[in-house]
2 protein chains.
Amino acid sequence: MSTIGAGPGTHPGANLAALRDHNAALVLGLLRDAGEAGASRAELAAGTGLTPQAVSKITGRLRESGLAAEAGRRASTGGKPATVLCLVPGAAHALGLHLDRDTLTVTLADLMGAAVATRTTPLAFGAGGDAVLDAVAREVTALLAEAGAPAVLGAGVAAPGPLDHRGGVLHRVTGFPQWDGFPLRDALSERLALPVTLDKDTNAAALGLALRGPRDASSFAYLHLGTGLGAGLVLGGRVHRGARTGAGEFGHQVLQLDGPPCPCGNRGCLEVLCLAAVAAGDTARAARLLGVGAANLVRLLDIDHVLLGGRTVLADPDAYVRGVRAELADATAVRVAPGGDRTVVEGAAELVLAPLFGRGVDEMTIGLSGGH
Amino acid sequence: MSTIGAGPGTHPGANLAALRDHNAALVLGLLRDAGEAGASRAELAAGTGLTPQAVSKITGRLRESGLAAEAGRRASTGGKPATVLCLVPGAAHALGLHLDRDTLTVTLADLMGAAVATRTTPLAFGAGGDAVLDAVAREVTALLAEAGAPAVLGAGVAAPGPLDHRGGVLHRVTGFPQWDGFPLRDALSERLALPVTLDKDTNAAALGLALRGPRDASSFAYLHLGTGLGAGLVLGGRVHRGARTGAGEFGHQVLQLDGPPCPCGNRGCLEVLCLAAVAAGDTARAARLLGVGAANLVRLLDIDHVLLGGRTVLADPDAYVRGVRAELADATAVRVAPGGDRTVVEGAAELVLAPLFGRGVDEMTIGLSGGH
DNA sequence: TGCACTTACGCAACACTGTTGCCAAAGTGG
DNA sequence: CCACTTTGGCAACAGTGTTGCGTAAGTGCA
């Protein structure tokens with residue numbers, strides 16, 4: 001995110017259209033967070049700080065566009081009962097793609113982020129661009145056919161890093177050097193005839209997890225232990241990607257000066273130490289190492305909670321949660337990330353959905369001093 | 001910043017007043033960045049993305065309030081010469097206070113952030129609240145008298161952490177447990193009869209350094225090596241404080257599993273290792289250790305550049321810059337933070353000034369999709 | 001049953017934002 | 001002297017959220 005002021009090409013000035021869209025996204029976000037329970041106009045007004053009248057106008061526009069609808073009424077609290085407004089989940093859909101080293105997962109999510117349909121198939125990531133694009137197109141076509149060909153806003157793609165999420169280009173994926181420089185976003189966009197957003201798998205997962213929680217300024221880290229070790233960071237409610245989408249290189253922090261060499265060129269990286277412990281079957285040690293690294297990160301960033309994911313963790317979740325928790329202060333919650341092996345692909349769909357709710361977008365900021 | 005949505009008590013909804021203030025702050029920020037060279041209305045329009053007419057209205061309000069003024073004209077480029085607009089630096093002032101363990105520094109900064117007057121005096125931080133408040137009030141009075149009693153917007157206070165910048169309360173400052181829980185912000189605010197903002201010394205320094213640079217989304221870390229070792233983080237153009245102002249605990253990352261014990265309770269913290277090297281006079285090792293820790297941080301957060309400061313660094317800046325640079329990839333710039341021993345106190349004044357320019361505030365965000 | 005009260009919400013008029021269309025001012029260049 | 005370019009202001013405009021007030025639809029109590 002973010003270009004507070006002007007990153008190249010952005011315009012930080014705000015006009016009435018930007019203001020309207022911002023407030024609309026805000027209301028949509030509150031409706032999404034409210035889920036099936038919905039929210040009344042009065043509640044939305046309290047949540048946004050806008051006047052009830054403004055909310056009425058905004059929800060009117062949303063209802064007209066089909067994104068929201070009235071859904072019954074609340075019990076009265078002594079006056080006219082509140083009219084419940086709900087997001088219409090089926091009003092729009094988004095595709096999420098998870099390109100892993102050996103698997104392709106494709107999901108179709110509705111506006112609430114709920115998976116409507118999902119397909120998984122083996123993937124030879126090393127087979128090169130055309131083969132992978134073919135496989136993706138085939139799976140997407142099949143998935144949309146299954147789901148009855150709904151309208152789709154776009155596709156979010158989660159891929160192994162490093163990559164450039166702004167340019168939509170892959171870099172030197174470990175083990176697959178042939179992908180270096182491949183313009184995956186544009187190639188997929190042309191192939192699918194849809195807008196495509198590309199991001200690192202860990203960032204996509206973090207975004208998805210951020211959207212499951214309340215729309216607040218919370219900070220957390222998603223730690224992914226699989227074939228490698230990476231992190232997705234959500235700081236102050238936003239995914240932190242860094243200038244070159246390089247943030248989250250969690251595995252290559254040096255934990256042991258002059259320790260064993262790592263392919264990255266350094267010595268004593270968390271990743272080599274941790275993967276060695278995993279390979280040796282010493283889960284307790286791997287968990288402890290993960291915990292020490294997590295503690296470094298938590299202290300540096302003042303993070304609220306830590307979510308664990310990835311194949312290795314999912315193989316023995318309790319051991320990892322216990323081990324990590326032991327290294328952290330009590331104030332920091334440690335949990336397994338909800339969603340299991342779907343965490344990443346569901347986050348990928350959120351790459352498309354989140355901007356509708358004003359989340360995870362490159363944004364500018366507006367002060368509040370002049371309010372009310 | 002940030003509360004994308006609503007941190008407790010904030011209102012993310014944007015009304016016309018918020019929009020006006022945002023754009024005014026934006027223009028003011030561009031004028032500040034332009035410095036004495038100033039900027040024409042057309043340049044401001046290009047920088048904000050607003051129409052020239054909107055800029056004319058906004059600058060009209062700013063001129064009316066005395067914050068900006070016309071200052072001559074540019075050479076013509078083939079048409080009517082542009083009228084140069086400048087910030088009026090003397091239109092408002094802010095106090096910056098740096099409470100260190102043994103020194104009190106007070107500065108008066110103008111709107112450009114330039115120090116108009118500065119006083120430094122020894123301070124017995126352990127003498128307790130009343131004594132420190134007395135000393136601060138005395139120095140501030142003397143400073144304002146020196147400067148001719150200008151109008152002051154408020155005071156920004158930089159203090160050793162940990163502390164709570166939202167509540168304005170100190171926590172257990174290392175070596176001075178008696179300060180734990182002291183409501184420094186409110187006490188000072190009453191004593192000085194001014195609005196007061198409190199923040200950690202490293203955060204204040206980072207904010208000041210962020211404002212020296214362009215208003216972009218750059219990320220950097222300010223590493224402060226003095227009696228302790230801490231960091232101020234600027235991520236995507238904004239100071240990252242964390243939920244409890246606890247971010248920046250850079251010194252207590254574990255660099256050496258099962259290394260020497262640290263007062264914090266862990267073993268092998270960067271701080272004990274580094275301070276031991278400093279105490280032993282081994283600057284090269286201290287610098288290398290600092291570099292390893294910095295590299296961990298840079299990789300984790302994808303940071304553009306690293307600025308070094310603090311007494312120990314300033315005693316032998318070249319050695320530290322060299323040592324840190326050796327541990328980092330070439331893409332990361334390493335420099336000594338400008339400002340020398342004034343870095344922190346000048347940043348403290350920015351705690352008051354930055355919000356005028358829409359920087360460093362707890363903000364909400366507004367999307368840009370509807371623009372132009 | 002009737003009435004006061006509370007709560008939810010919309011209509012209409014309003015204040016104020018940035019935008020558009022147009023024009024004047026003030027230079028350059030032939 | 002005239003055509004052209006660039007800057008920037010005035011006036012009318014579209015559209016935002018706000019305010020004032022009226023209406024709908026419940027509860028609670030005599």
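Protein chains get the first letters and strands the later ones, always in sequence-line order, with residue 1 at the start of each. Side-chain atoms are counted along with the backbone in the values below, which use heavy atoms only and exclude waters and symmetry mates. What you see is a predicted model; the values in this text were computed from it and never measured.
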Does [X] make a side-chain N or O approach to OP1 or OP2 of [N] shorter than 4.0 Å?
X	N	result
Arg20(B)	dT17(C)	yes
Ser76(B)	dT28(C)	no
Thr83(B)	dG8(D)	yes
Arg61(B)	dG18(C)	yes
Arg41(B)	dG9(D)	yes
Asn23(B)	dG18(C)	yes
Thr77(A)	dT7(C)	no

Looking only at side-chain atoms of [X], point me to the closest of [options].
X	options	value
Gln53(B)	dC10(D), dG8(D), dG17(D)	dC10(D)
Leu19(B)	dG8(D), dT19(C), dG18(C)	dG18(C)
Ser40(B)	dG27(C), dA25(D), dG8(D)	dG8(D)
Leu50(A)	dG18(C), dG17(D), dC9(C)	dG17(D)
Lys80(B)	dA25(C), dG27(C), dT16(D)	dA25(C)
Pro81(B)	dG27(C), dA15(C), dG18(C)	dG27(C)

Nearest-Å distance, [atom1] ([X]) to [atom2] ([N])?
X	N	atom1	atom2	answer
Arg63(B)	dG9(D)	CZ	C1'	11 Å
Arg73(B)	dT5(D)	CZ	P	21 Å
Leu16(A)	dC13(D)	CG	P	17 Å
Asn15(B)	dC16(C)	CG	P	13 Å
Asp21(A)	dG15(D)	CG	P	14 Å
Leu44(B)	dT6(D)	CG	P	18 Å
Ile58(B)	dC16(C)	CD1	P	16 Å

- prompt: Contact class for Arg74(A) vs. all strands (heavy atom < 4.0 Å): base, sugar-phosphate, or nothing?
  reply: nothing
- prompt: Is Pro52(B) touching bases, backbone alone, or none of the nucleic acid, heavy atoms closer than 4.0 Å?
  reply: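 Nothing: the residue Pro52(B), judged by heavy atoms under 4.0 Å, touches no strand.
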- line: The single option from Asn203(B), Leu235(B), Val234(B) that satisfies side chain to side chain contact (heavy atoms under 4.5 Å, CB included) with His240(B) is Leu235(B)
message: As a test of understanding, state which of Asp199(A), Asp164(A), Leu233(A) forms a side chain to side chain contact (heavy atoms under 4.5 Å, CB included) with Arg241(A).
response: Asp199(A)
message: Is there a salt bridge (Lys or Arg N to Asp or Glu O under 4.0 Å) between Arg359(B) and Glu350(B)? Walk through the geometry before answering.
response: CA-CA 9 Å; Arg359(B) 300 263 220 125; Glu350(B) 298 290 1; over 6 Å; no
- prompt: Are Glu190(A) and Arg185(A) within salt-bridge range, i.e. N to O under 4.0 Å?
  reply: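 Salt bridge absent between Glu190(A) and Arg185(A).
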- request: For Gly78(A) and for Glu70(A), find the nucleotide of DNA chain C with the closest heavy atom, then tell me which residue's nucleotide is more 5'.
  value: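 Here Gly78(A) is the residue nearer the 5' end.
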task: Mark yes or no for whether Thr245(B), through its side chain, and His165(B), through its backbone, hold a donor-acceptor pair below 3.5 Å.
output: yes
message: Walk me through whether Leu198(B) and Leu351(B) qualify under side chain to side chain contact (heavy atoms under 4.5 Å, CB included).
response: CA-CA 8 Å; Leu198(B) 174 69; Leu351(B) 289 170; over 6 Å; no
